[in-house]
Number of protein chains: 2
Amino acid sequence: MTVTEAAAERLIRIGEVARGAGVSVRAVRYYEQQGLLIAERSPSGQRLYRQDAVPLVRFFQQMFAAGLTSRRITELLPCWDAGHTDAEQRAMLRAERDRIRAKIDDLQAALDRLDEVIAITDTHP
Amino acid sequence: MTVTEAAAERLIRIGEVARGAGVSVRAVRYYEQQGLLIAERSPSGQRLYRQDAVPLVRFFQQMFAAGLTSRRITELLPCWDAGHTDAEQRAMLRAERDRIRAKIDDLQAALDRLDEVIAITDTHP
DNA sequence: CTAGAACCTGACGTTAACGTCAGAGGCAAG
DNA sequence: CTTGCCTCTGACGTTAACGTCAGGTTCTAG
């Protein structure tokens, strides 16, 4: 993408970001407050986003669903958009991965117990 | 187990339940407040539990980790200790199972994205 | 020009499973 | 009897990601 094209990129407002990502407008403002998402401002003060803000917000949702806090996501954002990582960030990445793995195992165990009960209650009407 | 043996079962106090299950004393009191765990009382008012309270509390923890609320657990408890279920309870069991499955999928997707980044940052020191 | 949709900045409310503190009793050992 | 640990009730505090409301400005279609 050239500089000319980047300068010509159509900017979108907060409502379009929210609808595109399937979240509330309030949530998008919250992400900015937490330092996750930076927006330009129109002369009248309205937030203006680049179009890649939509998949970015979707990514935030995915990380939230995985149990990462907004603070942790801000600390790990450089790993994505710059590719730059120091030792501390790599350690955090691995820690989060291990935590998610452990949580998957916990959920699987709970799922097995539920399936067990469901099987029993289905055969004993 | 005979009636005589049941009557002779050694009752334990709240601290032993908590230590045995790996939770805080406060948590055990909370479970009683939410109707999850019923305790006898000593003449002086101290809570007395049967020994199977320990695995029961562990079970609560597992369900909490799977995202069930204490309210939902109380609604589903009869499915375990009585084996009795009505249509509503069976529907709730399936709904929880489906929710947990969906969450496992979400976590797995997030895990894949993290592993991807970890692989990249490891090959680009 | 005007109505209505969309946007703005605060700021308080929500939820669940506990943590924590205060003040007061209870229980076994020496 | 007293020391020290355990237990009691009651009540306020915590956390994260928003929801919701108030009161005001801005954009846009007709």
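Throughout, a chain's letter reflects where its sequence line sits, starting with A, and its residues are numbered from 1.
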To the nearest 0.5 Å, atom CG of B/D115 lies from atom CG of B/D122 at 10.0 Å
Look up atom CD1 in A/I104 and atom NZ in B/K103, then write down how far apart they are to the nearest 0.5 Å.
11.5 Å
Atom-to-atom span, [atom1] of [X] to [atom2] of [N] - whole angstrom:
X: B/F60; N: C/dA16; atom1: CZ; atom2: P; answer: 17 Å
X: A/M63; N: D/dA17; atom1: CE; atom2: C1'; answer: 16 Å
X: B/E16; N: D/dC5; atom1: CD; atom2: C1'; answer: 15 Å
X: A/E40; N: C/dC7; atom1: CD; atom2: C1'; answer: 17 Å
X: A/E32; N: C/dC7; atom1: CD; atom2: C1'; answer: 13 Å
X: A/Q33; N: C/dC12; atom1: CD; atom2: P; answer: 14 Å
X: B/I12; N: C/dC27; atom1: CD1; atom2: C1'; answer: 18 Å

How is [X] classified with respect to the nucleic acid when contacts are heavy atoms under 4.0 Å: base, sugar-phosphate, or nothing?
X: A/R72; answer: nothing
X: B/Q61; answer: sugar-phosphate
X: B/L36; answer: nothing
X: B/R71; answer: nothing
X: A/S70; answer: sugar-phosphate

ILVMFWY cluster, A/I12 and A/L48 together (side-chain gap under 4.5 Å):
no
On the nucleotide [N], are OP1 or OP2 found under 4.0 Å from the side-chain N or O atoms that [X] carries?
X: B/R29; N: D/dC8; result: yes
X: A/S24; N: D/dG19; result: yes
X: B/Y31; N: C/dA17; result: no
X: B/R26; N: D/dT7; result: no

5'-most contact on DNA chain D (nearest-nucleotide basis), A/V28 vs A/R13, goes to A/V28
Ring centers of A/F64, A/Y31 separated by less than 6.0 Å
yes
At their closest point, which heavy atom of B/Q62 faces which heavy atom of A/A110, and how far apart are they?
NE2-N, 3.5 Å
Quick check for you: among C/dA17, D/dC8, C/dT9, whose closest atom lies nearest to any side-chain atom of B/R41?
D/dC8
Going by atom types alone, do A/R13 and A/Q46 pair a side-chain donor with an acceptor below 3.5 Å?
yes
B/R90 side chain to A/T121 side chain, donor-acceptor N/O pair below 3.5 angstrom:
no
Contact list please: residues 44-55 of chain B against DNA chain C, heavy atoms, distance less than 4.0 Å, in numerical order.
B/S44
Between B/Y30 and A/I14, whichever has its closest DNA chain C nucleotide further toward 5' is A/I14
Below 4.5 Å, heavy atoms only, C-beta onward: do A/Q34 and A/F60 meet side chain to side chain?
no
